[in-house]
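One structure below.
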Amino acid sequence: MDEKKTVLIVEDEKSIVDILRFNLEREGYRTLTAYDGEAGLRTALEKDPDLILLDVMLPKMIGFDVCQALREKGHNVPVIILTAREEEADKVLGLEIGADDYITKPFSMRELMARVKANIRRTAMQSGPAAPAAAIPAGGGLTIDTESYQVRKHGKAVDLTQREYELLTFLASHPGKVYSRIDLMEQVWNYGYVGDDVRTVDVTVRRLREKIEDDPASPALILTRRGVGYYFTAE
Ligand code: CA
C-alpha cells in the first residue's frame with residue numbers, strides 16, 4: 001500500500017473518537033472526524049474517504065440516515081456501523097440500508113482494526129490492475145463486467161454496494177460450487193475469524209437477490225443449498 005487510506009470517524013462521544021483516531025493513525029491510516037450525522041454526511045461527500053466508521057445514535061441525523069443518504073447518492077464507500085450492545089435489530093437494519101458491516105460496542109480495538117483492514121483491503125484489491133477476466137458469464141439476463149465493475153440485468157445497470165458486487169463475482173466465478181456462510185465470510189469478507197456474524201452473509205444474499213433476481217422469492221441465480229450454503233447457478 002503506497003498511499004495512505006483515509007477513515008472517516010462519525011461518532012459523538014469524544015473519548016471514543018480519540019481512541020479510534022489514535023489507533024487508526026498508529027496503524028498508518030489518515031483520519032477525519034465528525035461529531036454529528038449532518039457533519040458526517042457532509043464530510044463523506046466532500047472528502048471521499050476510503051472507509052467510514054459510523055455510530056448509530058448521533059445528534060442531528062442518525063447513522064442509518066447518513067448511510068442511506070450516501071447510498072442514495074450512489075456512494076459505495078465501505079461503511080462499518082458501530083451499534084450499541086445487543087441491539088440485534090440495529091445490526092440487521094444497518095445491513096439492509098446498505099452498510100457493509102457492523103461492530104458492537106464495546107468493541108475490542110483489535111477486532112475493530114481487523115474489520116477496518118478487511119474492508120479497506122477489499123477496496124485496494126478492486127482498484128488493482130489485475131482484474132481476472134473482462135466478463136463473467138451469467139445467465140438470467142445478468143452480465144458482469146469485471147473491468148468496468150458494471151453489473152447489468154436485462155441491459156439495465158444494477159447498483160450494487162462493493163460487498164454485494166464482491167459476493168456476486170465470487171459466487172459467479174465458481175458456478176455450481178456450494179460455499180458455506182463461514183467460507184464466504186473468510187473468502188469474501190476476508191475475516192480470519194467468524195463468530196456469530198454469519199447472519200451478515202444471509203442479509204447480503206437477500207439484498208443481492210432483490211437486485212438481480214427476476215423473482216427474489218424464488219431465486220434462479222444465487223441458490224440456497226439447505227443446511228450447507230449458497231451457490232451460483234451452473235447453467
Ligand atoms: Ca452516539
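From a predicted model like this one, the values you see are computed outputs, not experimental measurements. Numbering starts at 1 and runs along the sequence shown. Order of appearance sets the numbers: ligands from 1, and atoms from 1 within every ligand.
Other residues, nucleotides and ligands contribute over 12 non-hydrogen atoms within 6.0 Å of the CE atom of Met113. In this structure, Leu45 places its CG atom where more than 12 heavy-atom neighbours from other residues, nucleotides or ligands lie under 6.0 Å away.
Taking 4.0 Å as the cut-off between side-chain N and carboxylate O, Glu111 and Arg115 count as a salt-bridged pair. Note on Asp100 versus Arg71: salt bridge recorded, some NZ/NE/NH1/NH2 to OD/OE distance being below 4.0 Å. Between Arg199 and Asp202 there is no salt bridge, since no side-chain nitrogen of the basic residue lies less than 4.0 Å from a carboxylate oxygen of the acidic one.
For the Ca ion (ligand 1), the nearby protein N/O/S atoms, meaning those under 3.0 Å, are Asp12 OD1, Asp55 OD2, Met57 O.
When side chains are defined from C-beta on, Leu82 does not count as touching Tyr102, because their heavy atoms never get closer than 4.5 Å.
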